[in-house]
**Q** 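This is the structure I want to talk about, given as C-alpha cells.
Note that the coordinates shown come from a computational prediction; the quantities given were computed from them, not determined experimentally. So you know, we letter chains A, B, ... as the sequences are listed, proteins then strands, and number each from 1.
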Protein chains: 2
Amino acid sequence: MNEEATRRRATVHDVAKAAGVSLATVDRVLNGRSGVRAATAEKVEEAIVRLGFSRDLNASLMARARDLKVVFFIPDGSNEFMDSLAEAVARRSMPALSDRMHLSTRRIRALDAGSLAAGLDALDPRDCDCAVIVTSEEPEILAAVDSATRRGIAVMTLVSDLPGSARKHFIGVDNVAAGRTAASLLGRFLPQGGKVAVIAGSLHLRDHLDRLDGFREVLARDFPALHLVGPLEGHDERVETQALVAKLLSDYPDLSGIYNLGAGNMGLVAALEAVGNKISPRVIAHELSAPTRAGLMSGAIDVVLDQNPDGEIREAITAARALALGAGRHIATDPIEIGIFLRDNLR
Amino acid sequence: MNEEATRRRATVHDVAKAAGVSLATVDRVLNGRSGVRAATAEKVEEAIVRLGFSRDLNASLMARARDLKVVFFIPDGSNEFMDSLAEAVARRSMPALSDRMHLSTRRIRALDAGSLAAGLDALDPRDCDCAVIVTSEEPEILAAVDSATRRGIAVMTLVSDLPGSARKHFIGVDNVAAGRTAASLLGRFLPQGGKVAVIAGSLHLRDHLDRLDGFREVLARDFPALHLVGPLEGHDERVETQALVAKLLSDYPDLSGIYNLGAGNMGLVAALEAVGNKISPRVIAHELSAPTRAGLMSGAIDVVLDQNPDGEIREAITAARALALGAGRHIATDPIEIGIFLRDNLR
DNA sequence: TCAGAATTGAGGTACGTGCCTCATGACTTT
DNA sequence: AAAGTCATGAGGCACGTACCTCAATTCTGA
C-alpha cells in the first residue's frame, strides 16, 4: 500500500512522446525558434496543455550559459523612497546571484520621460531579459515599453502601473486604499472633528491622485466633522514642503490633522518640530525612511503608511524569473500590503 | 574594454583543485559522508572559505532523485489562525512542487505536547528533510526537537520560538511589539482616557503573555488616563469569549476599549453586535480571519493586528530550502511584519 | 519531375551537483 | 610479513533543459 506514488512532473521528453514529435521540435516550439509548421506547433502546444507540462526553471537556468539579467530603472533624487527601492535591489543582488539572476540598477532623472524611454530603447536583449520600471504615464514611455517587448525583453511596472502598454506584470499597492486608510485613521484619532490639511507632491502623479481620491471618499462618507484644507502641492521637495507646512500651521492655529501623501517628509518634520508643542496636529505620512522614522520617534508623526520596498523588490524578482523563463503566460505574485507604522511597531 | 567579466561562481571542481584533493573527497566533506581524515577535511573547508564557495541549491536539488520534503506540524481546532497557516501551506504546495519541494501538513491536538513530540519522534529522515512546528514551551518537545536534529532532520519553529533547543531557525513576529502597538493605537483613539479591557486566550501561552507585557508597558508609559480591566481569559473559545465580553459590557457600561489578544473572535463580535450602538468601545483584535473581517466591516472591531500567515509560510519554505541543503549555517529570512488592518485596507 | 527550400529527427555536449563503483595506496594489526 | 582496514582518487551516470550539428524527409514551385 504505497501511497506516495505522486507521479513525476512531465518533462520535455514526455511532451515529445505525447505529441509524436522529436525532442528537437519540442525545443523549437518551447523556445520560439523558427522552422516549425503551424500544424506541428499546434500538436506540441496541445500535448503541453494535456500533460500540464511546465518548464523546470532551475534546470532551464542551469542549461543556459548566461545568467538571467534584470535591469531596474529607478528615479533619482526626488524622494527617499526611491533610494529605498534601489537599496532593496542592492541587498538582493548577492543572494539573487546564487539563483543565477544578475540584478542591476539604473537611476534616471525623476519624471523625465525622455530619459527613461531612451534607456529602454537602448536595451540590448542579450544584456537584459527583464526590465523593471518605475514610471508615470506618458505616451513616449508606452511606446518604448512596447518596443522593448517586441525585442524580447519582458517589461514590468513597479509602484505605478502603465495600463494599456505591453507590460507583463505590475507590482505595487492599491493607492486608493492607502488614502482611505489614512482618512480612516485620522477620523478615529479626531473624534471631535476639525480641520485636516492634505499635502501632495504633485497633482500630476497618478499614485498621489489615487491617494487623494481614497482620502476624500472616506472623509466624506464617514467623518463629516472633518474639514479638508487643500490639497496643497509640495513637489516632493524638502524646502518647499517645510515652507508650506510652516505657513499652514500659522494660518490655521487650530489645525487638527495633516496628511502628507507625497514625499518631502524632512521638511514636514522640521516645520512641525519648529512649532514644538504649541500646535501638535495628528500627522500621517507615507513611506518609512530616515525622516519619517525620526518623526515617529519624536512624536511629530503619528502614523506612516509604507509600501514595503523590500517586499516589492522580492516579488519583482520572483516575477521577473517566472516571466523571463515562463512561456509568458499570466504570472501570480503575492500582493504587496500597505504597512501601517507607529513608533511602537517600527521595523 | 569588456567590463562584464564577472567571474563565474566557484564550483565543487574549483574547490577540489584549490584544496589539492579529488572531487570525491570534496563531495564527502560537503555531504558529511564518512571516510575523510580530519586534516584533509580541514584543507577542503579552508578552500571553501577561501573561494567563497557555496553549493548551487538548484543543481543540488536537481541531482538528488527525491524532492525536498518539508512537514508542517500545525495545531488543530483551537483557533482560526492555525487554519490560515494550514491553508497557506496548501496554497504554496503546487508552486513549491515545481521547485522540487514537497510540502505536507499534520494537524495535531492544540497544546498537546505529547502528540507533537510523538509526531516528531516518528519522523523518518528519508521522509522528511525539514520539520516546521508551532508549539508551546515544553521539555518533552525540546527533547523531541533535539532528537530529530540528531537524526538529520532540520527543525524550525513558527509563530512561537523554542529557545534552548536545537531548532535551526525561527519565523514569527515580535509579540511584545504587537502589544505595544495595540496600546499605542487605543491610546490615540481615546484621547479622553477611560477603561480598557484586555482578554487573553490563556495566560500560560508565551505569545499572549508577550502581547500583554507590551500592552501594559505602553499604557503605563504613554497613556496614564487609560485604566486596565483584566486581563481576563477566554481560552480562545467562541462561547466562553462571548459570555465574557457580554458580562464585561454589562458590568462596565462606560467601557472605552477592548483589546482581545487571543482568539475567540467570533464570540467577541457576537457579544458586541448584541448590544448594538448602545455601547461601542474601540476594539482591537488579532489575526485576520472570517470573524475579524466581519467585525471590521460591521464596525464592531476597529483594528486587527495580523501576523500574515502567508508571509510566514513563504519565509518558512525559503528557510527550509536553505536549511536542508545549505551546510547548516545561519539562515537569513525577511522579517515578518505586524500588519495593521482597518476596514479600509483589508487585503 | 527535379532542384531548392523548409521542416523534422537523431543525437551529442553542457550546466553543477549527488551518488555510485572500483581501484589504488597507506596505514594498522596480528 | 601477511592480512586487513582506512583514506583517497578516478570516473561515470543521472537530473531536465538549452543549444548545436548533421542528416533525412517532406513540401514547394517552375
**Q** Going 5' to 3' along DNA chain C, which are the first and last nucleotides with any atom under 4.0 Å from a heavy atom of chain A?
**A**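 Here the contact window of chain A covers C/dT7 to C/dG16.
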
**Q** Can you sort out the partners of A/D83 under salt bridge (Lys or Arg N to Asp or Glu O under 4.0 Å), two or more places apart, ordered by chain and number?
**A**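 For A/D83 the salt bridge (Lys or Arg N to Asp or Glu O under 4.0 Å) partners, ignoring immediate neighbours, are A/R107.
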
**Q** Determine whether more than 12 heavy atoms belonging to other residues, nucleotides or ligands lie under 6.0 Å from atom CZ of A/R109.
**A**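 Atom CZ in A/R109 is not crowded, with 12 or fewer foreign heavy atoms closer than 6.0 Å.
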
**Q** So which one's nearest nucleotide on DNA chain D is more toward 5', B/A59 or B/T40?
**A**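 Taking each residue's closest nucleotide, the earlier one in sequence belongs to B/T40.
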
**Q** Just grab all the salt bridge (Lys or Arg N to Asp or Glu O under 4.0 Å) pairs involving residues 131-151 of chain B, residues at least two apart or on different chains.
**A**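 Qualifying pairs: none.
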
**Q** Please identify the 5'-most and 3'-most nucleotides of DNA chain D with any atom under 4.0 angstrom from a heavy atom of chain A.
**A**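 Reading along DNA chain D, I get D/dG16 to D/dC27.
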
**Q** Could you tell me which residues satisfy side chain to side chain contact (heavy atoms under 4.5 Å, CB included) with B/A47, sequence neighbours excluded, listed by chain and number?
**A** B/V15, B/A18, B/A19, B/R50

**Q** Using a 4.0 Å heavy-atom cut-off, does A/N31 contact any base of the nucleic acid, only the sugar-phosphate backbone, or nothing at all?
**A**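 A/N31: backbone/sugar contact only, no base atoms under 4.0 Å.
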
**Q** Which residues pass the side-chain hydrogen bond (donor to acceptor under 3.5 Å, both in side chains) test with B/R66, not counting sequence neighbours?
**A** none

**Q** For B/D161, give me all partners under side chain to side chain contact (heavy atoms under 4.5 Å, CB included), at least two apart in sequence or on another chain.
**A** B/T157, B/P163, B/R167, B/F170

**Q** I need the single residue from B/L123, B/L162, B/T149 that forms a side chain to side chain contact (heavy atoms under 4.5 Å, CB included) with B/V155. Which is it?
**A** B/T149

**Q** Could you tell me, to 10°, how much the axis swings from one end of the helix from C/dT1-D/dA30 to C/dT30-D/dA1 to the other, five pairs per end?
**A**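 Computed from the C1' atoms at both ends, the axes differ by 30°.
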
**Q** Under the side-chain hydrogen bond (donor to acceptor under 3.5 Å, both in side chains) test, which residues partner A/R106, sequence neighbours left out?
**A**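 Testing A/R106 for side-chain hydrogen bond (donor to acceptor under 3.5 Å, both in side chains), a comparison that skips the adjacent residues, returns none.
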
**Q** Under the rule for side chain to side chain contact (heavy atoms under 4.5 Å, CB included), what residues qualify as partners of A/S60, not counting sequence neighbours?
**A**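 For A/S60 the side chain to side chain contact (heavy atoms under 4.5 Å, CB included) partners, ignoring immediate neighbours, are A/R55, A/R64, A/L325.
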
**Q** What contact category does A/R66 fall into here, base, sugar-phosphate, or nothing, at under 4.0 angstrom with non-hydrogen atoms?
**A**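 No contact at all - A/R66 keeps every heavy atom at 4.0 Å or more from the nucleic acid.
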
**Q** Which residue lies toward the 5' end of DNA chain C, B/A63 or B/R37, if each is placed at its nearest nucleotide?
**A**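 Upstream on the strand: B/A63.
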
**Q** Which comes earlier along DNA chain D counting from the 5' end, the contact point of B/R64 or that of B/A41, where each point is its nearest nucleotide?
**A**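 The 5'-side residue here is B/A41.
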
**Q** Under 4.0 Å between any heavy atoms, over every strand shown, what does A/D27 touch: base, sugar-phosphate, or nothing? Just pick one.
**A** base

**Q** Going by the rule side-chain hydrogen bond (donor to acceptor under 3.5 Å, both in side chains), which residues pair with B/T318 if we only count those two or more places apart in sequence or in a different chain?
**A**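 Applying side-chain hydrogen bond (donor to acceptor under 3.5 Å, both in side chains) to B/T318 gives none.
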
**Q** If the condition is side chain to side chain contact (heavy atoms under 4.5 Å, CB included), which residues does B/A10 pass it with, not counting sequence neighbours?
**A** B/D14, B/L51, B/F53

